[in-house]
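Both ligands and their constituent atoms are indexed starting at 1 by order of listing.
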Amino acid sequence: MAHGDTSGGFEKSAGWLDWYDGPSAPTFRLPEGAVDAHCHVFGPGGEFPYAPERKYTPCDASAEQLFALRDHLGFDRNVIVQATCHGADNSAMVDALRRSGGRARGVATVRRDVTEAELAELHEAGVRGVRFNFVKRLVDRVPTDSLDEIVAKIAPLGWHVVIYFEAEDLPDLYDFFSGIPTDIVVDHMGRPDVSKDPDGPEFALFLRFLRENPRVWAKVSCPERLSAQGPRALHGERHAYLDVVPFARRVVEEFPDRVLWGTDWPHPNLRDHMPDDGLLVDYIPQIATTPDLQRRLLVENPRRLYWPEGE
Ligand code: 0GY
């Protein structure tokens, strides 16, 4: 399979950018044992067909390609998150977990009729969480009505819930999310509008959500997706996405034990630019400014959540 192909007779969505082949070597040296806590695998479509209800068809991005990126950037482990283009068929993600030699854990998407046996199989493969997508462009229906039922099934396994939503929807969903009884991980800081003031009411609500709910964690990931400025380098060629920094840095500094970071490779649905993953790694020391914060963000926190049993 060549880079940028989509196999299995599927046609890649128009305007879809291929993931960046040949990422640069980061200048920032990741701490030993670092975890890329948000990334995906796509297909290959010929082996793991894309879901009929998908809102986009990506180019293939295989487990081998993900593991090559992991080694190139200097990560030790991955958390592979189920993406909507595979719906509730977790087989590509599970296959990647099984090939990882224990170096990947997963977050699945399941339907309300998932059985105990299916959950046990996912657990055995390395799944430790279930994802609910509230971003309206990505799903036919937001999963408000199925969430409670699914959470009742996964809670006994010690799994957590991953939620993806946009900042403008948090006021309506605040109470609903606050009632989830498990740990909750929010993708990409709840997608703040970074053209707004980090001290303004919209981001203040997100910070309040974290303050009032000690079981809520945040991924301070995806500057490339949130940035209005883009990868423009302002203070030296390896500093990019500066408009996102004040948001992410604030979350890291106030909640250093409840933050995670991931590349989001292979970066679905980006139409303006495709990030160089080496440059994304160099973004990390701008938001986690000391070795202690970096170790918590990249090693201790993800390991506590995904490898609580230790090595
Ligand atoms: C991400 C972001 C996006 C897509 C998905 O599951 C998905 O399809 O999460 C997006 O389009 O913002 O984290 O991969």
Quick one: are the ring centres of H160 and Y306 less than 6.0 Å apart?
yes

Check whether any side-chain heavy atom of L122 sits under 4.5 Å from a side-chain heavy atom of V94, and report yes or no.
yes

Hey, are D60 and S7 close enough side-chain-wise for a donor-acceptor pair under 3.5 Å?
yes

Could you pull out the closest heavy-atom pair between F134 and T144, with the gap in Å?
CE2-OG1, 3.7 Å

Atom 9 (O) of ligand 1 [closest protein heavy-atom partner, distance rounded to 0.1 Å]:
R131 NH2, 2.8 Å

What part of R191 sits under 4.0 Å from ligand 1 if we count only heavy atoms: the side chain, the backbone, both or neither?
side chain

Within 45° cone of Y174 ring axis and under 6.0 Å: R208 NZ or CZ:
yes

Start with the C-alpha gap between L170 and F206, add the side-chain angles, then the distance that decides, and say whether side-chain contact (heavy atoms from CB on, under 4.5 Å) holds.
CA-CA 8 Å; L170 184 56; F206 181 67; 4.3 Å; yes

Check ligand 1 against Y56 and write out every atom of the ligand that is under 4.0 Å from a heavy-atom position of the residue.
7 (C), 8 (O)

Is there side-chain contact between Q65 and F42, with heavy atoms separated by less than 4.5 Å?
no

Could you list the atoms of ligand 1 found under 4.0 angstrom from a heavy atom of N269?
10 (C), 11 (O)

Does D264 come within less than 4.0 angstrom of ligand 1, counting non-hydrogen atoms of the residue?
yes

Within the 4.0 Å heavy-atom cut-off, what L138 brings close to ligand 1 is side chain

Protein heavy-atom partner closest to atom 12 (O) of ligand 1 - residue, atom, separation in Å:
Y164 OH, 2.6 Å

To the nearest 0.1 Å, how far is atom 13 (O) of ligand 1 from its closest protein heavy atom, and which atom is that?
H188 NE2, 2.7 Å

Indicate, as side chain, backbone, both or neither, the part of K55 found under 4.0 angstrom from ligand 1 when only non-hydrogen atoms are considered.
neither

What residue and atom, counting heavy atoms only, is the protein's closest point to atom 14 (O) of ligand 1, and at what distance?
H40 NE2, 2.6 Å

Counting heavy atoms not belonging to R271, are there more than 12 under 6.0 Å from its CZ?
yes

Classify the contact between T84 and ligand 1 as side chain, backbone, both or neither, using a heavy-atom distance cut-off of under 4.0 Å.
both

State, without any angle test, whether S146 and E149 hold a side-chain donor-acceptor pair at a distance under 3.5 Å.
no

Structural part of H38 in contact with ligand 1, heavy atom criterion under 4.0 angstrom:
side chain

Measuring from the heavy atoms of R137, does anything fall under 4.0 Å of ligand 1?
yes

